[in-house]
Amino acid sequence: MEIEKILNEISEIENEAKKMIKEITDEKGMEEWRIKFLGRKGKINSITSKLPQIPQELRPEIGKRINSLKKTLINLYNESIKKIKKEEKFENLSFPGKRPKIGTLHPLTLIIREMTDIFFKMGFGIVTGPEIENDYYNFEALNTPEYHPAKSFWDTFYLNEKEKILLRTHTSPVQIRVMERMKPPFKIIAVGRCYRRDALDASHSPVFHQMEGLMVGKDIRFPHLKGVLTYFLHQLFGSEIKIKFSPSYFPFTEPSAEVSISCIICNGKGCSTCGYTGYIEILGCGMVHPQVFRNVGYDPEKVTGFAFGMGVERIAMLKFKIDDIRYFYQNDIRFLNQFG
Ligand code: DAH
């Protein structure tokens, strides 16, 4: 075979490949180009197979030329495909857009919604009250005596010592504000932030949330309280849990009770969460104290009612099996993302 001819062929392949690749605009065209020149039966291989026809002494030189063309074509291919892929991505406006991260609802918001929904089903309305309270609403109207330990500077944040303005220590003052405004019968819940001088640890936070309930009317009795709370807890934790009412004391209810549920971590068998008792205390409740009714101008001979209060964080911790209250306030995305 003539040397001249094979050298011509090499440069023709180069010219053709370069000319063709300029016209290509998509990946499909690139693949066809690759097969035509660099494929198994492509032009590079076919010209390589002609090497034996060349005089021995010229083979290394021609071989080198073919190899260098092959390298040039591979580089051309890599550059073009990169460019085309980028352009295709950019030009294809029908690609679905990237959904921006819009975040998730906070676990406390989720549990508050779930809790309020259960009370809404029973016909309760929802009210709010101020987080900055005074001594009268937070303590006195709730029949809490002057000497009660909750009133001490160690337990309560006072904003103004003289006027006894403070950050409410519970949502119970909302009971008083509601009763001053409304005429029985009614049934309401109130949710919101409360503040206590507690050091932050796995189970205490100086800022936390409570949900309060109050039902007042004619002939409201303890079984109504029991029925409402039993329904609520069964809805929230499942009807298989056991519920226990034990006698307790609060200044604003008489009689008062503490409600516990069978431990949902160990199913009542006993574990470190329930202190090996099988039960977890979950809320305080009772029949509204006659003195509280008198304080708001109601006649305790004519109306009766029940009230209850519970910590929202505690319920969320049990429901979502969270063992440290601090997770709620640290804004750690790894924690929050689990509640999408
Ligand atoms: N306020 C109480 C507390 O913070 C909880 C509570 C107990 C609220 C009994 C009530 C109730 O309405 O009847 O510990």
Side-chain angles (χ1 to χ4, degrees), residues 115-116 119 124-131 133 135-145 148-152 154-157 166-180 184 186-198 203-217 220-230 232-233 243-261 280-293 295-296 298 300 303-315 325:
M115 290 160 76
T116 49
F119 284 109
F124 280 71
I126 190 162
V127 295
T128 54
E131 288 173 30
E133 269 296 4
D135 180 73
Y136 177 75
Y137 285 101
N138 196 78
F139 296 120
E140 218 171 295
L142 287 161
N143 203 33
T144 308
H148 197 282
K151 292 189 77 169
S152 87
W154 302 112
D155 284 340
T156 300
F157 292 107
L166 48 91
L167 295 176
R168 68 178 177 191
T169 58
H170 50 178
T171 42
S172 302
V174 186
Q175 289 187 32
I176 305 298
R177 292 186 176 274
V178 166
M179 287 193 278
E180 283 181 346
F186 58 79
K187 44 186 190 286
I188 56 94
I189 51 166
V191 198
R193 278 195 193 110
C194 305
Y195 305 81
R196 283 186 203 171
R197 285 203 177 196
D198 277 327
S203 50
H204 295 88
S205 164
V207 185
F208 59 101
H209 297 74
Q210 277 193 345
M211 179 178 281
E212 190 83 14
L214 176 68
M215 180 167 183
V216 182
I220 302 292
R221 285 166 282 120
F222 201 88
H224 297 125
L225 167 62
K226 235 180 144 174
V228 164
L229 289 179
T230 302
F232 167 72
L233 292 170
I243 300 170
K244 193 164 77 176
F245 285 74
S246 333
S248 185
Y249 170 79
F250 298 101
F252 35 91
T253 44
E254 182 58 37
S256 304
E258 238 164 52
V259 179
S260 312
I261 58 168
I280 297 178
E281 189 208 314
I282 204 152
L283 59 88
C285 62
M287 301 307 293
V288 179
H289 196 291
Q291 187 55 45
V292 174
F293 280 145
N295 291 343
V296 296
Y298 288 3
V303 287
T304 50
F306 64 75
F308 55 85
M310 59 192 114
V312 173
E313 278 82 350
R314 193 171 170 72
I315 297 218
I325 199 170

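Predicted, not measured: the structure shown is a model, and the values here were computed from it. Order of listing sets the numbers, starting from 1, for every ligand and every atom in it. Numbers for residues simply follow the sequence, beginning at 1.
Remark: ligand 1 and Q210 share an N or O pair separated by less than 3.5 Å (distance only, no angle test).
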Given ring pair (Phe, Tyr, Trp, His ring centres under 6.0 Å), test F119 with F232 step by step and report yes or no. CA-CA 7 Å; F119 284 109; F232 167 72; 4.6 Å; yes

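The Q175 neighbourhood of ligand 1 comprises atoms 12 (O), with distances under 4.0 Å to a heavy atom of that residue. Set against the non-hydrogen atoms of S172, the atoms of ligand 1 under 4.0 Å away are 1 (N), 8 (C). Within ligand 1, counting atoms from 1 as listed, the ones closer than 4.0 Å to a heavy atom of C285 are 9 (C), 11 (C), 13 (O). Residue contact check: G286 has heavy atoms under 4.0 Å from atoms 13 (O) of ligand 1. Counting the atoms of ligand 1 from 1 in the order shown, those under 4.0 Å from a heavy atom of T253 are 13 (O). For ligand 1 and F250, the ligand atoms under 4.0 Å from any heavy atom of the residue are 7 (C), 9 (C).
Distances shorter than 4.0 angstrom occur between a heavy atom of F252 and an atom of ligand 1. At least one heavy atom of R196 sits closer than 4.0 Å to an atom of ligand 1.
Contacts of F308 with ligand 1, taken as heavy-atom pairs under 4.0 Å, involve the backbone alone. With a 4.0 Å cut-off on non-hydrogen atoms, M310 does not touch ligand 1 at all. Contact annotation: for A307 versus ligand 1, heavy atoms closer than 4.0 Å belong to both the backbone and the side chain.
Note: E281 CD to S246 OG = 8.0 Å, rounded to the nearest 0.5 Å. Taken to the nearest 0.5 Å, the CZ atom of F124 stands 6.5 Å off from the NZ atom of K187. Rounded to the nearest 0.5 Å, atoms CD (E133) and OG1 (T171) are 10.5 Å apart.
Side chains of P206 and F157 form a contact here, defined as non-hydrogen atoms less than 4.5 Å apart. In this structure the side chain of I280 reaches within 4.5 angstrom of the side chain of R314, judged on heavy atoms.
The cationic atom of R196 (NZ for Lys, CZ for Arg) does not lie both less than 6.0 Å from the six-membered ring centre of F208 and within 45° of the ring axis.
Classified by interplanar angle (parallel below 30°, tilted 30° to 60°, perpendicular above 60°), the ring pair H170/F139 is tilted.
Among M287, E212, E254, E258, the residue whose heavy atom lies nearest to atom 10 (C) of ligand 1 is E212.
The closest donor-acceptor contact from the side chain of R177 to the backbone of P130 lies at 3.5 Å or more, if one exists at all.
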